[in-house]
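Please read the structure below before turning to the comments.
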Amino acid sequence: MSSPLDPAVAQRLKRTPDGLVCAVAQQRGTGEVLMVAWMDDEALHRTLTTRRATYYSRSRQQLWVKGETSGHTQHVHEVRLDCDGDTVLLTVDQVGAACHTGDRTCFDATVLLAEA
């Protein structure tokens with residue numbers, strides 16, 4: 001499989017057996033964690049070249065650009081690769097809800113342990 005992703009970047013990625021890497025989206029300025037999604041090499045390449053957050057939908061088995069249909073977009077300011085190469089961190093400006101449920105973040109609904 002050929003990918004337009006920079007070979008130096010592609011070599012550092014540790015993908016799941018189905019070729020994906022975890023992607024965490026974080027709000028620029030506040031550090032608020034917005035969502036977790038998945039990327040394949042093409043999604044990462046598109047994100048790096050367009051600055052529009054592009055992910056891979058495991059349920060639909062296709063790429064999707066955040067906000068393409070909802071208008072709830074993510075403009076990407078920075079992308080970092082973690083020390084193990086198995087997660088990327090996107091620093092974004094979120095417009096609208098990040099979660100498909102309509103919540104600001106995917107972590108708004110259920111608190112398992114509240115701050116003491």
Side-chain angles (χ1 to χ4, degrees):
M1 178 175 108
S2 176
S3 167
L5 186 62
D6 180 334
V9 174
Q11 183 178 13
R12 294 190 56 203
L13 294 177
K14 291 185 183 151
R15 300 165 192 82
T16 63
D18 50 353
L20 304 176
V21 64
C22 181
V24 177
Q26 182 179 45
Q27 177 62 49
R28 182 173 71 128
T30 67
E32 177 183 34
V33 176
L34 300 169
M35 59 180 274
V36 175
W38 296 93
M39 290 182 159
D40 63 4
D41 285 16
E42 180 64 22
L44 181 55
H45 169 73
R46 289 185 187 189
T47 298
L48 294 172
T49 57
T50 67
R51 293 190 178 267
R52 295 174 64 201
T54 304
Y55 302 104
Y56 184 83
S57 169
R58 294 178 298 169
S59 60
R60 292 176 290 179
Q61 296 191 0
Q62 66 184 31
L63 295 176
W64 58 280
V65 177
K66 180 68 175 162
E68 197 167 54
T69 57
S70 68
H72 300 168
T73 60
Q74 291 176 346
H75 176 76
V76 180
H77 289 275
E78 184 177 71
V79 178
R80 291 176 178 249
L81 182 61
D82 81 332
C83 60
D84 295 324
D86 61 2
T87 305
V88 292
L89 175 65
L90 285 69
T91 303
V92 305
D93 279 331
Q94 177 69 47
V95 175
C99 188
H100 70 280
T101 64
D103 286 337
R104 165 80 183 149
T105 85
C106 292
F107 299 95
D108 279 349
T110 305
V111 177
L112 299 180
L113 179 64
E115 192 171 335

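Fair warning: this is a prediction, and the values are worked out from it, not measured in the lab.
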Nearest 0.5 Å, what's the CG-NE2 distance between Leu63 and His45?
-> 11.0 Å
Nearest non-hydrogen partners of His72 and Gly96, listed with the distance | CD2-CA, 3.8 Å
Partner of Glu78 by side-chain contact (heavy atoms from CB on, under 4.5 Å), out of Val92, Thr91, Leu89 = Thr91
Audit row: Thr47, Tyr55, side chain to side chain contact (heavy atoms under 4.5 Å, CB included) steps and yes/no = CA-CA 8 Å; Thr47 298; Tyr55 302 104; over 6 Å; no
Closest non-hydrogen atom pair between Met35 and Ala98, with its separation = SD-O, 3.8 Å
Single-linkage hydrophobic cluster Trp64~Leu5, side-chain heavy atoms < 4.5 angstrom = yes
Per side-chain contact (heavy atoms from CB on, under 4.5 Å), Leu90 is matched among Arg28, Met39, His77 by Met39
About how many Å separate CG of Asp6 and CG of Leu44, when rounded to the nearest 0.5 Å?
-> 10.0 Å
Would a hydrophobic clustering, with Ile, Leu, Val, Met, Phe, Trp and Tyr connected at side-chain separations under 4.5 Å, put Leu20 with Val9?
-> no
Thr54 side chain to Arg52 backbone, donor-acceptor under 3.5 Å = yes
Is the shortest heavy-atom distance from the side chain of Cys22 to the side chain of Asp86 under 4.5 Å?
-> no
Minimal non-hydrogen separation, Trp38 against Arg58, with atom names | NE1-CZ, 3.0 Å
Give a yes or no on this: more than 12 heavy atoms of other residues, nucleotides or ligands lie within 6.0 Å of atom CD of Gln11.
-> no
Spatial distance of atom CZ (Arg51) from atom CG (Asp93) [nearest 0.5 Å] = 11.0 Å
The single option from Gln94, Gln26, Lys66 that satisfies side-chain contact (heavy atoms from CB on, under 4.5 Å) with Leu34 is Gln94
State whether the number of non-hydrogen atoms from other residues, nucleotides or ligands found under 6.0 Å of Arg15 atom CZ is greater than 12.
-> yes
Are Leu13 and Val79 co-members of a hydrophobic cluster defined by side-chain heavy atoms under 4.5 Å apart?
-> yes
From Thr87 OG1 over to Arg80 CZ, what is the distance, rounded to the nearest 0.5 angstrom?
-> 14.5 Å
Shared ILVMFWY cluster between Val76 and Tyr56, side chains joined below 4.5 angstrom?
-> no
Between the CZ atom in Arg46 and the CG atom in Asp40, the distance rounded to the nearest 0.5 Å is 8.5 Å
Taking the side chain from Asp103 and the backbone from Cys106, do they hold a donor-acceptor pair closer than 3.5 Å?
-> no
Count the heavy atoms belonging to other residues, nucleotides or ligands that lie under 6.0 Å from CZ of Arg104, then report whether that count exceeds 12.
-> yes
